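Proteins come first, then strands; the chains are lettered A, B, ... in the order of their sequence lines, and each starts at number 1. Note that the structure is a prediction, hence the values are computed from the model and not measured.
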Amino acid sequence: MNEEKRYYYGTLGSKFGEIVFVWRFADNKVVRIFLPMQRDLFRSSEYRSWGMSGINNRAALELIRKMESLLNGNPVEVSLDIVDWTRTAAFQRLVLRTEGKIPRGMVSTYGRIALKVNRPHAARAVGRALATNPFPLIIPCHRAVRSDRSLAGYAGGVKMKKRLLELEGIEFDQKDRVVTTRFW
DNA sequence: CTTACAAGAATAT
DNA sequence: ATATTCTTGTAAG
């Protein structure tokens with residue numbers, strides 16, 4: 001069997017539903033995180049068919065523990081070195097790493113992130129990059145909102161996006177736009 | 001290589 | 001508030 005394609009996964013039951021974390025067996029890098037709404041996607045993914053269930057290492061357990069804490073509203077620190085960057089395109093990698101710098105409790109916009117990666121008119125491309133973020137929660141793509149402060153989509157559903165932001169202390173107006181005036 | 005998208009943004013109506 | 005137009009990185013053909 002191709003070592004590159006051997007995976008193992010673990011699940012975390014949360015108030016949002018079951019979240020699945022997938023690691024590569026060979027180097028214990030996180031290759032993908034599936035949010036509750038993506039259950040079916042996980043079921044039909046290569047990760048399940050080639051994988052084995054169960055967690056067998058400390059770092060993986062540690063991550064799940066941290067994610068559980070994060071979902072309970074606590075600040076957590078996670079190194080970006082634990083995820084697999086080899087399968088992300090250069091542009092997406094840059095966007096995701098930039099997104100990863102947004103502090104908890106703060107939001108940015110797709111356009112501002114585009115500026116930060118020196119692609120001033122690529123707001124939409126940034127949206128694409130975040131929409132296909134393989135590592136939600138670790139890479140906090142929920143902290144990106146539209147320029148009018150309304151919420152765009154989220155792999156786990158806009159509802160989850162809003163709840164995640166509320167956990168961080170972000171407030172919303174009656175039209176579900178973030179009240180923040182200071183963007184990262 | 002060309003085409004068709006999409007979690008954007010600015011502008012006009 | 002909605003429609004139009006410009007924009008750009010990918011996946012698919």
Side-chain angles (χ1 to χ4, degrees), chain A residues 4-5 7 14 16-22 29-50 67 70-71 78 80 83-184:
Chain A
E4 278 291 302
K5 291 198 169 186
Y7 309 104
S14 76
F16 297 96
E18 190 168 75
I19 298 169
V20 184
F21 299 79
V22 184
K29 296 283 186 184
V30 177
V31 294
R32 190 76 216 267
I33 295 173
F34 293 91
L35 297 176
M37 194 176 262
Q38 302 174 296
R39 256 197 94 75
D40 289 340
L41 190 57
F42 167 65
R43 273 199 282 262
S44 60
S45 72
E46 62 170 326
Y47 303 121
R48 173 146 205 179
S49 51
W50 290 74
M67 291 300 102
L70 179 147
L71 294 171
V78 181
L80 296 191
V83 307
D84 168 39
W85 295 104
T86 65
R87 291 195 278 204
T88 52
F91 178 79
Q92 183 182 32
R93 191 156 53 231
L94 183 56
V95 169
L96 293 179
R97 295 198 115 121
T98 303
E99 178 81 13
K101 294 177 184 169
I102 304 176
R104 179 181 182 281
M106 209 168 291
V107 293
S108 188
T109 69
Y110 301 95
R112 291 175 65 86
I113 293 162
L115 282 175
K116 289 185 189 281
V117 298
N118 283 313
R119 203 99 304 168
H121 298 284
R124 194 151 197 183
V126 166
R128 291 297 313 140
L130 292 177
T132 53
N133 171 19
F135 321 114
L137 302 181
I138 291 182
I139 300 295
C141 56
H142 58 280
R143 296 189 188 133
V145 303
R146 293 202 187 101
S147 60
D148 66 354
R149 309 196 330 269
S150 66
L151 296 188
Y154 189 61
V158 180
K159 197 164 184 174
M160 180 173 182
K161 184 170 183 171
K162 186 183 177 190
R163 287 174 70 192
L164 286 172
L165 290 172
E166 284 174 335
L167 277 178
E168 304 184 356
I170 300 288
E171 296 184 343
F172 293 81
D173 66 17
Q174 289 192 325
K175 289 176 178 172
D176 275 352
R177 292 177 308 195
V178 297
V179 299
T180 320
T181 50
R182 261 184 63 191
F183 293 104
W184 180 78

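Applying the salt bridge (Lys or Arg N to Asp or Glu O under 4.0 Å) test to residues at least two apart or on different chains, none of the pairs has a partner in residues 88-115 of chain A. Residue pairs meeting the salt bridge (Lys or Arg N to Asp or Glu O under 4.0 Å) criterion with at least one partner in residues 174-183 of chain A, sequence neighbours excluded, are A/Lys162-A/Asp176, A/Asp173-A/Arg177. The salt bridge (Lys or Arg N to Asp or Glu O under 4.0 Å) pairs that include a residue from residues 115-136 of chain A number zero, where partners must be two or more places apart or lie in different chains. Applying the salt bridge (Lys or Arg N to Asp or Glu O under 4.0 Å) test to residues at least two apart or on different chains, none of the pairs has a partner in residues 129-139 of chain A. Screening residues 113-167 of chain A for ring-ring contact (aromatic ring centres under 6.0 Å, His included), with sequence neighbours left out, gives A/Trp85-A/Phe135.
The shortest heavy-atom contact between A/Phe91 and A/Ala122 is CZ-CB, 4.5 Å. Between A/Ser147 and A/Thr109, the shortest heavy-atom distance links the atoms CA-CG2, 4.1 Å. Across every non-hydrogen atom of A/Thr132 and A/Gln92, the tightest pair is OG1-NE2, 3.0 Å.
Proximity of residues 85-98 of chain A to DNA chain C (heavy atom under 4.0 angstrom from any strand atom) is restricted to A/Ala89, A/Phe91, A/Gln92.
Base pairing in DNA chain C yields stems of at least 3 consecutive Watson-Crick or G-U pairs, both distances under 3.5 Å, namely B:1-6 with C:8-13, B:8-13 with C:1-6.
No donor-acceptor pair under 3.5 Å is formed between the side chain of A/Glu168 and the backbone N or O of A/Arg143.
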note = Given protein heavy atoms under 4.0 Å, the one-letter contact record of nucleotides 4-10 of chain B, with B base, S sugar-phosphate only and - none, is simply --BBBSS
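Qualifying side-chain contact (heavy atoms from CB on, under 4.5 Å) partners for A/Leu94, counting only residues two or more places apart in sequence or in other chains: A/Thr98, A/Val117. Shown here are the side-chain contact (heavy atoms from CB on, under 4.5 Å) partners of A/Leu41, two or more places apart in sequence or in another chain: A/Arg32, A/Phe34, A/Gln38. Residues passing the side-chain contact (heavy atoms from CB on, under 4.5 Å) test with A/Leu70 are A/Met67, A/Val76, A/Leu137, sequence neighbours excluded.
With a heavy-atom cut-off of 4.0 Å to chain A, the contacted part of DNA chain C has its first and last nucleotide at C/dA1 to C/dT10.
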